[in-house]
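Below, chain A is the first sequence line, B the second, and so on; all start at residue 1.
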Amino acid sequence: MSKGLPKRSENYSEWYNELVKRADLAENSAVRGCMVIKPYGFSIWEKMQRALDDMFKETGHTNAYFPLFVPKSLFEAEEKNAEGFAKECAVVTHYRLKSDPNNPGKLMVDPEAKLEEELVVRPTSEAIIWNTYKNWIQSHRDLPILINQWANVVRWEMRTRMFLRTAEFLWQEGHTAHATEKEAMDETKQMLDVYATFVEEWMSVPVIKGFKTANERFAGAEETLCIEAMMQDGKALQAGTSHFLGQNFAKAFDVKFQNKEGKLEHVWGTSWGVSTRLMGALIMAHSDDLGLVLPPKLAPIHVVIVPIYKGDEDLEAIKAVIMPIVKELKSLGITVKFDDNDAYRPGWKFAEYELKGVPLRMAVGMRDLQNGVIELARRDTLTKETRPIEGIATYIKDLLDEIQTAIYQKALNFRQENMFKVDTWAAFEEQIEKGGFLLCHWDGTSETEEKIKELTKATIRCIPLDAVEEEGVCVYSGKPSSKRVVFARAY
RNA sequence: CGGGGUGUAGCGUAGCCCGGUAUCGCGUCUGCUUUGGGAGCAGAAGGUCGUCAGUUCGAAUCUGGCCACCCCGACCA
């Protein structure tokens, strides 16, 4: 293994790819466009799942599981949704293999075993779920239905990047059904808030909440809400979406309920999801040229303790002092690794745990023991300090909280420094090359949005929920506009 | 899917133009010395050269198909 990572400043995507591999998060697999998530990477995802799942439960949702396969006839029922995903669907056409008579030892698809109806591998589950909901809903008493599922989905992408875009990815998808439009819209907004809270408080990544434009809207939705985050190269990454589906799926799948007046009405729906793409956001928002920087709340290991010793006697002396601290840290809910592996020297371990983003490193040698101190090094700031052993566990607990906040603040500062109000087309063209979010007036038309995309590769990431009303003119067309939207190049 | 590139030991590579079964570094194993920022010395193991076919006395090397990955486009969470 060579020593350093590529530099972010020299080649951002190479830095990202190398970091994912070297930090043991994931690797490419033998399957085109699909990755293997390795144990270290998966343990971060598990922490995300745990936190999100708890938040879903707190807001009244329960988990269920629906099939991977969707019969084509169901898939195509909601036309806009089907059209939107048609180009990237994997399709199962046969159900059996057999020995190839012309090629001993090899298998072939058995032409006799063609399915009567093809099965689409879900790119998303609205179709199969709404088809099921039809059977579950008769009366307003059956509503609301608040269900989430953790699942894999497949979207046959042309070009893939680990975590950011893979052919198969893991996600959660919430699917809810409601009696009124308002209730469904409230749900859509509530879940967007849940996502924003999670990404900001757990991942330490600031987000902008907003509406998608018609062009960027989920196929089949009436309205798509999203959270957008800024990566260190100034590009935007959509971190989560929450859709108000109106009655579109209810109509497509004939899902009606009898209201209190005894009249039949179509059900109102929402769906919302975040995926393993969040891993990409986490990596690109905080990490540096030495490796990952993980926020404590998602770090598989909070503190690594590296003993520095000569011979077994030293090690035993260090252990005698350290083991009670390890125990105390664990009792405070802190994950500790005491690395006394003799095969590696301290310097190697320092570099290794920096690569893996462990938030705190404690180094202890004989000299420290004599002085009753240890050395604490912070991954986020790369600073070191010498602390008394006395009371170290509670100090660490507080410091981890501080790191969680500091990482967020650093990302927020970066975003503030790279967000610009832009009012002329010349300034737009200049700034978009430098990166960052451009806050601009827009005339509200798809034509202008597409023209800008064609000219600059920038898209409207969102119309912020908190956009202030102000008089202005569209940065491209000069037509009147009442608020600013966020333009950026995006992942 | 279009353009460009790559594939040789666990990882990174030389060799390929001009055919004769393979270079170097890191890692691994053994031993000793080491241990406060990626240790040193000595010895050793490890390769159907992505894959399938073709040309040839002989293919990592030449030809063709296929697979995978990377970069740039189009598409997208």
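When the side-chain nitrogen and oxygen atoms of A:K310 are compared with OP1 and OP2 of B:U35, one or more of them lie within a distance under 4.0 Å. Within the structure, every side-chain polar atom (N or O) of A:R367 is placed at least 4.0 Å from both OP1 and OP2 of B:G36. An OP1 or OP2 oxygen of B:G27 is reached within less than 4.0 angstrom by no side-chain nitrogen or oxygen of A:Y344. Applying the 4.0 Å criterion to OP1 and OP2 of B:C72, one finds that A:R159 has a side-chain N or O inside that range. Residue A:R345 has no polar side-chain atom (N or O) positioned under 4.0 Å from OP1 or OP2 of B:G40. The phosphate of B:C71 (OP1 or OP2) has a side-chain N or O of A:N17 nearer than 4.0 angstrom. Phosphate proximity of B:G36 to A:K384: absent, as no side-chain N or O sits under 4.0 Å from OP1 or OP2.
Between B:A22 and B:G47, the distance separating the two C1' atoms is 9 Å to the nearest Å. Annotation: B:C66 and B:G3 have their P atoms spaced 13 Å apart (nearest Å). Comparing the same atom, C1', in B:A74 and in B:G20 gives a spacing of 47 Å after rounding to whole Å. The same atom, C1', is picked in B:G50 and in B:U6; the two are 11 Å apart, to the nearest Å. Comparing the same atom, P, in B:U34 and in B:C41 gives a spacing of 16 Å after rounding to whole Å. Nucleotides B:C69 and B:U23, compared at atom C1', are 24 Å apart to the nearest Å. As rounded to the nearest Å, B:C24 and B:A44 have P atoms that lie 13 Å from one another.
For A:K457 and A:L164, each mapped to the nucleotide of RNA chain B holding its nearest heavy atom, the one lying further toward the 5' end belongs to A:K457. Annotation: of the two residues near RNA chain B, A:G311 and A:T160, the 5′-most nearest-nucleotide partner is A:G311.
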- Query: Between A:D342 and A:Y309, does a side chain to side chain donor-acceptor pair (under 3.5 Å) hold up when you go through it step by step?
  - Reply: CA-CA 10 Å; A:D342 198 44; A:Y309 60 96; 2.7 Å; yes
- Can you check side chain to side chain contact (heavy atoms under 4.5 Å, CB included) on A:F437 and A:M230, steps first, answer last? CA-CA 8 Å; A:F437 288 3; A:M230 186 189 288; 3.6 Å; yes
- Item | side chain to side chain donor-acceptor pair (under 3.5 Å) assessment of A:E78 paired with A:N81 | CA-CA 6 Å; A:E78 209 296 321; A:N81 186 253; 5.4 Å; no
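Pair assignment for B:U23 gives none, since no Watson-Crick or G-U wobble pairing has each distance under 3.5 Å. Using N1 to N3 plus N6-O4 or O6-N4 for Watson-Crick, or N1-O2 and O6-N3 for G-U wobble, each under 3.5 Å, B:U63 pairs with B:A53. Here B:C16 sits opposite no nucleotide as a Watson-Crick or G-U wobble pair (both hydrogen-bonding atom distances under 3.5 Å). Nucleotide B:C41 forms a Watson-Crick or G-U wobble pair with B:G31, both donor-acceptor distances falling under 3.5 Å. Look at B:A74: it lacks any Watson-Crick or wobble partner with both distances under 3.5 angstrom. Base pairing of B:G36: no nucleotide in any strand meets the Watson-Crick or G-U wobble criterion (both distances under 3.5 Å). Nucleotide B:C69: paired with B:G5 (Watson-Crick or G-U wobble, both distances less than 3.5 Å).
By the neighbour-count criterion of 12 heavy atoms within 6.0 Å, atom CD of A:E46 is densely surrounded, having more than that number from other residues, nucleotides or ligands.
For the pair A:R387 and A:Y395, the distance from NZ or CZ to the six-membered ring centre is under 6.0 Å and the angle to the ring normal is within 45 degrees.
The distance between atom CG of A:D339 and atom P of B:U35, rounded to the nearest whole Å, is 18 Å. If you measure from atom CH2 of A:W156 to atom P of B:C1, you get 11 Å, rounded to the nearest angstrom. Between the CD atom of A:E27 and the P atom of B:G10 there is a distance of 14 Å, rounded to whole Å. In this structure, A:R489 places its CZ atom 16 Å from C1' of B:A74, rounding to the nearest Å. Taking atom NZ on A:K349 and atom P on B:G38, their separation rounds to 14 Å, with Å as the unit. A straight line from CD of A:E450 to C1' of B:A74 spans 14 Å, rounded to a whole angstrom. Taking atom CG of A:N341 as the reference point, atom C1' of B:U35 lies 12 Å away to the nearest angstrom. In this structure, A:K21 places its NZ atom 11 Å from P of B:C69, rounding to the nearest Å.
When heavy atoms are screened at a 4.0 angstrom cut-off, A:V306 is found touching no nucleic acid atom at all. Heavy atoms of A:R361 sit under 4.0 angstrom from at least one base atom. Using a 4.0 Å heavy-atom distance criterion, A:Q238 is classed as a sugar-phosphate-only contact. Among the heavy atoms of the strands lying under 4.0 Å from A:G33 are primed sugar atoms or P, OP1, OP2 only; no base atom is included.
For A:E354 and B:G38, a side-chain-to-base donor-acceptor distance below 3.5 Å is absent, hydrogens and geometry of angles not being considered.
A:M191 places a side-chain heavy atom less than 4.5 Å from the side chain of A:F56.
Test A:K349, A:R379, A:R361, A:R378 against A:E354 for salt bridge (Lys or Arg N to Asp or Glu O under 4.0 Å) and you get one pass: A:R361.
The aromatic rings of A:Y344 and A:W348 sit parallel to each other, their planes meeting at less than 30°, with 60° as the upper class boundary.
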